[in-house]
Asker: 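Encoded as structure tokens, here's the structure I'll be asking about.
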Amino acid sequence: MYGLWRPRVLGAWRVPASGPVILAVNHSHNIDGPMLMGTAPRPVHFLIKKEAFAGPLDPFLRGIGQLKVDRAIADRAAVTDALGVLSGGGVLGIFPEGTRGEGDFASLRAGLAYFALRAGAPIVPVAVLGSTGRGGRLIRALPPLRSRVDVVFGGPFDAGDGSGRRTRKALDEATARIQQRLTAHLESARRLTGR
């Protein structure tokens with residue numbers, strides 16, 4: 001990432017140095033995940049759609065510890081793998097909106113809250129800014145080479161309300177709390193970076 005663009009990483013010290021943690025990342029461009037993997041202070045295991053595991057990318061993605069998920073079903077194997085990362089004290093990366101979009105955390109899926117409540121892992125909000133907009137001259141689908149991309153880490157927080165409940169209602173309440181925190185972080189990151 002540093003060879004192709006000019007990432008500016010802010011707040012990486014906020015990621016806990018050890019123990020399970022979930023990085024909740026906005027997702028507006030294909031390079032957001034790789035950018036985070038290349039700039040995070042700890043190795044990140046992302047839940048990545050199964051369609052990306054094709055051809056030579058399959059052994060590569062598996063080799064760097066990425067997790068395949070079938071978004072069309074309740075993929076129990078992916079859930080088990082993700083919980084395994086967290087129970088082993090690792091870092092799980094999640095795009096809480098489930099797919100690439102505006103990257104504004106406007107519509108979260110319940111998966112992030114589920115993993116946070118089930119594993120008891122703190123969530124660190126991450127804003128990747130500058131990956132969208134004008135395309136590069138060589139490859140229009142990518143940001144211009146050597147352009148600045150900001151990666152802003154927020155402070156960790158717990159998704160639960162302290163009760164330890166993991167009911168559907170608790171999950172819905174946690175999702176609402178998470179959305180509020182992620183949206184606030186994104187607004188703060190935009191002010192901080194001027195984007």
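Small disclaimer: the values here were computed from a predicted structure and weren't measured.
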Asker: Looking at Lys68, I'd like to know if its NZ atom is crowded, meaning that more than 12 non-hydrogen atoms belonging to other residues, nucleotides or ligands lie closer than 6.0 Å.
Answerer: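 Yes.
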
Asker: Could you check whether any side-chain N or O of Gln66 sits under 3.5 Å from a backbone N or O of Phe46, counting only pairs where one atom can act as donor and the other as acceptor?
Answerer: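 Pair found, side chain donor or acceptor close to backbone of Phe46.
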
Asker: Under the salt bridge (charged side-chain N to carboxylate O under 4.0 Å, His left out) rule, collect the residues that match up with Arg6, sequence neighbours excluded.
Answerer: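 Salt bridge (charged side-chain N to carboxylate O under 4.0 Å, His left out) check on Arg6 returns nothing, list empty.
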
Asker: List the residues meeting salt bridge (charged side-chain N to carboxylate O under 4.0 Å, His left out) with Arg168, not counting sequence neighbours, and say none if there are none.
Answerer: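 Partners of Arg168 under the salt bridge (charged side-chain N to carboxylate O under 4.0 Å, His left out) test: Asp172.
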
Asker: Suppose we screen for side chain to side chain contact (heavy atoms under 4.5 Å, CB included). Which residues come up paired with Arg191, at least two apart in sequence or across chains?
Answerer: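 Here the qualifying residues are Glu187, Ser188.
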
Asker: Salt bridge (charged side-chain N to carboxylate O under 4.0 Å, His left out): which pairs involve residues 55-66, sequence neighbours left out?
Answerer: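 Those involving residues 55-66 are Asp58-Arg62.
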
Asker: Taking side chain to side chain donor-acceptor pair (under 3.5 Å) as the test, write out the residues that go with Asp81, two or more places apart.
Answerer: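 Partners of Asp81 by the side chain to side chain donor-acceptor pair (under 3.5 Å) criterion come out as none, since no residue qualifies.
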
Asker: Not counting sequence neighbours, which residues clear side chain to side chain contact (heavy atoms under 4.5 Å, CB included) with Ala82? List them please.
Answerer: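 Counting only residues at least two positions away or on another chain, Ala82 forms a side chain to side chain contact (heavy atoms under 4.5 Å, CB included) with Leu47, Leu67, Leu92, Phe115.
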
Asker: Apply side chain to side chain contact (heavy atoms under 4.5 Å, CB included) to Ala77 and list each qualifying residue two or more places apart in sequence or on a separate chain.
Answerer: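 For Ala77, the residues satisfying side chain to side chain contact (heavy atoms under 4.5 Å, CB included) (neighbours in sequence not counted) are Asp75.
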
Asker: Just distance, no hydrogens or angles: give the donor-acceptor pairs under 3.5 Å from side chains in residues 118-129, sequence neighbours left out.
Answerer:
unit_1, atom_1, unit_2, atom_2, d
Arg118, NH1, Tyr114, OH, 2.6

Asker: Which residues, ordered by chain and number, are linked to Leu10 in its hydrophobic cluster, where ILVMFWY side chains connect at heavy-atom gaps below 4.5 Å, directly or through other members?
Answerer: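 Under the 4.5 Å side-chain rule, Leu10 groups with Val152, Leu192.
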
Asker: Residues in side chain to side chain contact (heavy atoms under 4.5 Å, CB included) with Pro34, at least two apart?
Answerer: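 So Pro34 forms a side chain to side chain contact (heavy atoms under 4.5 Å, CB included) with Met1.
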
Asker: Please answer whether the main-chain N or O of Pro16 pairs with a side-chain N or O of Arg42 as donor and acceptor at a distance below 3.5 Å.
Answerer: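 Side chain of Arg42 to backbone of Pro16, a donor-acceptor pair under 3.5 Å: yes, one is there.
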
Asker: Taking atom CZ of Arg190 and atom NE2 of His185, what is their separation to the nearest 0.5 Å?
Answerer: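 Nearest 0.5 Å value for the CZ-NE2 distance: 10.5 Å.
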
Asker: Which residues satisfy the salt bridge (charged side-chain N to carboxylate O under 4.0 Å, His left out) test with Asp158, sequence neighbours excluded?
Answerer: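 Counting only residues at least two positions away or on another chain, Asp158 forms no salt bridge (charged side-chain N to carboxylate O under 4.0 Å, His left out).
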
Asker: With Phe153, which residues qualify under ring-ring contact (aromatic ring centres under 6.0 Å, His included), at least two apart?
Answerer: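 Phe153 satisfies ring-ring contact (aromatic ring centres under 6.0 Å, His included) with no residue once adjacent residues are dropped.
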
Asker: Kindly compute the distance separating CD1 (Ile73) from CG (Asp70), expressed to the nearest 0.5 Å.
Answerer: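 Spacing of CD1 (Ile73) from CG (Asp70) equals 4.0 Å.
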
